[in-house]
Amino acid sequence: MDRGGARIRKLIALTALFLGVAATPGGAPSAFEQLRWTAPGAELALLSEQPAACLAAGDEPRIRAGRALFGAPTLLGGQAAKAGLSCASCHINGRDNPHFLLAGVSAAPGTADVTNSFFSAARGNRRFDPVVIPDLAMPGKVSRDRETRALEAFIRNLIVEEFGGQEPSPATLDVLATYVRAVRACPGERSVGRRLGDQLAAIDDGVAGAQLMIDRADLQGARLSIASMRHQLGLIAERYSGSGLTRERDGLLAASRELQVIGDSDVGRIIPALGRWKGEFDKRLAKRLRRAEGRSLYDADRLAKTLR
Ligand code: HEC
């Protein structure tokens with residue numbers, strides 16, 4: 001068994017993607033999915049800060065659709081998806097993650113071996129050779145040229161060969177590559193705090209993505225976009241722990257279940273149902289979450305206390 005084997009089984013046992021649920025008994029510290037691959041001692045830094053990214057102007061719906069899929073664990077297959085890993089786990093906001101540490105995958109924090117049999121039996125090269133996770137805002141070894149489509153080919157390989165994911169549809173690859181090409185550093189700003197607004201924006205991205213995918217007759221892409229929204233609801237639920245926020249957690253769980261039903265429905269029903277869902281979400285739950293944000297673990301002081 002490769003080095004990651006035992007560790008990944010433990011991860012999967014722990015996994016409460018928002019498919020099961022992230023709710024914890026009242027008052028208990030919540031389990032943060034992202035801490036499963038975070039270096040000890042870096043928990044507060046990872047959960048309170050994130051690398052800033054600015055997006056190049058361009059085809060906004062495609063960029064947003066790509067950003068949604070970039071954060072969806074179900075885009076990757078097998079072990080990675082089960083553990084809750086997405087592209088964004090290693091490339092936060094399309095950039096890097098200096099705190100990434102996963103036994104069997106990383107050597108030092110901020111490194112990963114994406115050719116490891118940990119992720120894929122097909123591609124595993126049986127050598128442990130982690131490298132620094134690159135910042136996708138910087139020019140790298142893969143050309144971003146639109147004509148050659150080397151980036152699309154690279155991403156396809158990552159998903160299918162390295163992470164054992166399903167063959168991505170042309171629209172899925174197209175929006176992922178469009179997003180990666182649009183990621184930029186922000187002038188004068190290295191990192192920014194984490195806020196409820198991050199998840200709410202990602203949920204908007206998911207709706208934009210589902211719409212775009214349905215327009216392109218891509219049901220698989222639409223379902224992935226909806227899965228990305230459910231994952232974001234799970235990330236919010238992690239932060240609304242404690243007995244005073246039961247209503248918010250229950251609301252998140254109900255909203256996630258509704259999305260599941262929408263994702264499983266006939267192709268012709270998805271967009272109208274998603275529109276209704278989003279209208280309702282914005283009118284009620286999103287407002288309630290915003291009002292309670294100061295009492296949630298998006299609040300830096302409360303977060304620090306929980307992690308102590
Ligand atoms: C487990 C951490 C991890 C995950 C998850 C991950 N990557 Fe990466 N990514 C890396 C590492 C490490 C490299 C450098 C690989 C190398 O140099 O051989 C890399 C390289 C890349 C590059 C090439 C950058 C360059 O040098 O030009 C792109 C583009 C990229 N990743 C996109 C993605 C996308 C899209 C996903 C999701 C489908 C993804 N990554 C998921 C760790 C990760």
Side-chain angles (χ1 to χ4, degrees), residues 2-4 7-8 11 33-34 36-39 46 51 53 62-63 65-120 123-125 127-146 148-169 171-185 209 221 224-225 227-228 231:
D2 63 88
R3 285 221 245 164
R7 167 84 179 169
I8 195 74
L11 276 180
E33 181 181 86
Q34 296 161 93
R36 295 175 201 159
W37 48 78
T38 297
L46 187 281
R62 275 162 79 218
I63 294 173
R67 188 167 59 177
L69 298 188
F70 198 82
T74 41
L75 173 69
L76 309 181
Q79 308 289 55
K82 283 183 194 148
L85 274 173
S86 70
C87 308
S89 307
C90 290
H91 305 286
I92 301 173
N93 294 329
R95 305 211 54 196
D96 56 3
N97 178 358
H99 307 304
F100 186 89
L101 186 68
L102 185 55
V105 174
S106 310
T111 65
D113 177 2
V114 290
T115 54
N116 200 300
S117 46
F118 173 93
F119 289 125
S120 165
R123 182 61 170 261
N125 62 5
R127 265 185 26 234
F128 187 56
D129 41 15
V131 296
V132 171
I133 298 169
D135 173 0
L136 303 184
M138 302 301 160
K141 63 182 193 186
V142 180
S143 160
R144 307 295 201 264
D145 187 271
R146 274 166 233 274
T148 63
R149 299 173 67 79
L151 183 56
E152 280 83 346
F154 179 84
I155 295 174
R156 188 252 161 217
N157 257 339
L158 261 185
I159 296 173
V160 180
E161 307 290 339
E162 302 196 354
F163 291 107
Q166 256 191 53
E167 187 67 45
S169 65
T172 294
L173 271 186
D174 173 55
V175 298
L176 280 168
T178 302
Y179 166 67
V180 168
R181 288 191 182 102
V183 174
R184 303 279 185 279
L224 272 177
S225 307
S228 81
H231 185 241

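Numbering of ligands and ligand atoms starts at 1, following listing order.
Proximity of L136 to ligand 1, defined as any heavy-atom pair under 4.0 Å, is confined to the side chain (atoms from C-beta onward). Heavy atoms of R144 found under 4.0 angstrom from ligand 1 belong exclusively to the side chain.
No more than 12 heavy atoms of other residues, nucleotides or ligands shown are found within 6.0 angstrom of CD on Q166. Counting non-hydrogen atoms of other residues, nucleotides and ligands closer than 6.0 Å to CZ of R144 gives a total above 12.
Per-residue contacts place L76 under 4.0 angstrom from the following atoms of ligand 1 (heavy atoms of the residue considered): 38 (C). Short contacts between ligand 1 and V131, defined as distances under 4.0 Å to a heavy atom of the residue, involve ligand atoms 12 (C), 14 (C), 15 (C), 16 (C), 17 (O). Within ligand 1, counting atoms from 1 as listed, the ones closer than 4.0 Å to a heavy atom of V114 are 3 (C), 10 (C), 42 (C), 43 (C). Within ligand 1, the atoms closer than 4.0 Å to a non-hydrogen atom of L151 are 29 (C), numbered from 1 in the order shown. The distance from ligand 1 to the heavy atoms of G140 drops below 4.0 Å at these ligand atoms: 25 (C), 26 (O), 27 (O). Interface of F70 with ligand 1, defined as ligand atoms under 4.0 Å from a residue heavy atom, comprises 34 (C), 35 (C). Within the listing of ligand 1, atoms 5 (C) sit less than 4.0 angstrom from a heavy atom of S86. The ligand atoms of ligand 1 that sit less than 4.0 angstrom from a heavy atom of I159 are 38 (C).
Annotation for D135 and G94: closest pair OD1-O, 4.1 Å, computed over non-hydrogen atoms. Nearest approach of P130 to T111, heavy atoms of both residues: CB-OG1, 3.9 Å. The shortest non-hydrogen separation linking G71 to A88 is CA-CB, 4.1 Å. Between A137 and A185, the closest heavy-atom pair is CB-N, 3.7 Å. The two residues P168 and I159 have their closest heavy-atom pair at CG-CD1, 4.1 Å. Nearest heavy-atom pair, G209 versus S225, reported as atom, atom and distance to 0.1 Å: C-OG, 3.5 Å.
In the candidate list F154, W37, F100, F154 is nearest to atom 21 (C) of ligand 1, counting heavy atoms. Looking at A72, A83, C90 and measuring to atom 2 (C) of ligand 1, the nearest heavy atom belongs to C90.
T178 OG1 to L173 CG: the interatomic distance, rounded to the nearest 0.5 Å, is 10.0 Å. Residue Y179 holds its OH atom at 11.0 Å from CG of L69, rounded to the nearest 0.5 Å. With values rounded to the nearest 0.5 angstrom, E162 atom CD is found 11.0 Å from L76 atom CG.
Using 4.0 Å as the threshold, P134 has a heavy atom nearer than that to some atom of ligand 1. At a 4.0 Å cut-off, at least one heavy atom of L158 sits close enough to ligand 1 to count as contact. Under a 4.0 Å heavy-atom criterion, T111 is not in contact with ligand 1. Taking a 4.0 Å cut-off on heavy atoms, F163 registers as neighbouring ligand 1.
At the shortest separation from atom 12 (C) of ligand 1 among protein heavy atoms lies A112 O, 3.4 Å. H91 NE2, 3.7 Å is the protein heavy atom nearest to atom 10 (C) of ligand 1. Atom 37 (C) of ligand 1 has as its closest protein heavy atom C87 SG, 1.8 Å. The protein atom (non-hydrogen) at minimum distance from atom 25 (C) of ligand 1 is K141 N, 3.4 Å.
One N or O on the side chain of N97 and one on the backbone of S89 form a donor-acceptor pair closer than 3.5 Å.
Taking distance alone, with nitrogen or oxygen atoms compared against 3.5 Å, V142 approaches ligand 1 more closely than that limit.
Put simply, the side chain of I155 does not reach to within 4.5 Å of the side chain of V142, judged on heavy atoms.
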